[in-house]
Amino acid sequence: MSAGAISPSILDVSNLTVRIDGQLLLSDVSLSVARGTLHAIVGPNGAGKSTLVYAVLGQIPFEGRILAHWRRNGRIGYVPQSFSVDRTLPVTVEDFLALTRQNRPVCFGVGRAAARRIAAMLDRVGLAGFEQRQLSVLSGGELRRVLLAHALDPLPELLILDEPATGLDQTASQWLEDVLLAARDRDDVTVLMVSHDHERVKRHGDRVTVLDRCVVADGAPADALA
Ligand code: ADP
Ligand code: MG
């Protein structure tokens, strides 16, 4: 990805094709993500949704062009579809978040400023008081929230989430929705989200791309998901 000229879009994907071991995972995919929007990617299992995300993140080779147009910090926040923690890894939620939020090594303790910042980050994602929990004991949904807290601080220009609602109950899904809408509407974060929840996407999404190795539909949620 590279910086571009002033553009209403934050991300332009053009003619993206991904082949791995001779298998065609994505074929000629083009889409634009408009700045300040919530853009959903939907599609069946194996459609190439995560592959698209990996290409955007620069993690796999591809043909075609992916251009980002940054205006602020050029930061991408990313919450992966799955993230497993070694059960024997002795690290607390606070230590994990402090690793990239203070200059002194975390093995010498978490400083007061970092601790305050981490408390605010956890509060934002509904995990107030989770500082001293071991990362390894968190449920999948809680772990994803910790990763979301990490992704939202410092505020990114583009937040990419890969099926963030998986494993969340009704309350947690509502909470997730509130956090994402606040990021978009209050903090001017563009949200690109892989989702299976068509109803929520119709309610709050600005645009949807339906993917099944190629782009099947792209447009306003009510139209694209019809
Ligand atoms: P989705 O996220 O839409 O469920 P993925 O992007 O994870 O789908 O995967 C798309 C297809 O590519 C799947 O059929 C998957 O098995 C295959 N795939 C993913 N990664 C690899 C890889 N490294 N090598 C070969 N095939 C892969
Ligand atoms: Mg996936």
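We count ligands from 1, going down the list as the structure has it; atoms in each ligand are counted the same way. Just so it is clear, the structure is predicted and the values come from calculations on it, not from any experiment. Quick note: numbers below take in every heavy atom, side chains included, and nothing from hydrogens, waters or symmetry partners.
- Listed by number with element, the atoms of ligand 1 under 4.0 Å from a non-hydrogen atom of P44 are 3 (O).
- Shown in contact with A47 at under 4.0 Å from a heavy atom are these atoms of ligand 1, numbered in order with element: 1 (P), 3 (O), 8 (O).
- In this structure, R72 places its CZ atom where more than 12 heavy-atom neighbours from other residues, nucleotides or ligands lie under 6.0 Å away.
- Nearest-residue assignment for atom 5 (P) of ligand 1 (options V53, N45, T51; heavy-atom criterion): T51.
- Side-chain N or O atoms of R101 include one that pairs as donor or acceptor with a backbone N or O of H150 at under 3.5 Å.
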Exercise. Could you walk me through whether R207 and D218 pass the salt bridge (Lys or Arg N to Asp or Glu O under 4.0 Å) check?
Worked result: CA-CA 7 Å; R207 197 176 179 93; D218 185 82; 2.6 Å; yes
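- The one candidate from V189, V191, I76, D187 that meets the side-chain contact (heavy atoms from CB on, under 4.5 Å) condition with P156 is V189.
- Assignment of E163 to the shell around ligand 1 is not supported, since no heavy atom sits closer than 4.0 Å.
- Counting backbone and side-chain atoms alike, T51 contributes no N/O/S atom closer than 2.8 Å to the Mg ion (ligand 2).
- The distance from the Mg ion (ligand 2) to the nearest N/O/S atom of N45 is not under 2.8 Å.
- The nearest non-hydrogen atom to atom 12 (O) of ligand 1, considering only V194, L25, I20, comes from L25.
- When each atom of ligand 1 is checked for a heavy atom of R213 under 4.0 Å away, the hits are 14 (O).
- Ligand 1 has no nitrogen or oxygen under 3.5 angstrom from a nitrogen or oxygen of Q81.
- On a distance-only criterion, D21 and ligand 1 share no N/O pair closer than 3.5 Å.
- Using a 4.0 Å heavy-atom cutoff, G48 is listed among the residues neighbouring ligand 1.
- The two residues T209 and H39 come nearest to each other via the heavy atoms OG1-NE2, 2.8 Å.
- Residue-ligand proximity, Q23 to ligand 1, at heavy-atom distances under 4.0 Å covers atoms 25 (C), 26 (N).
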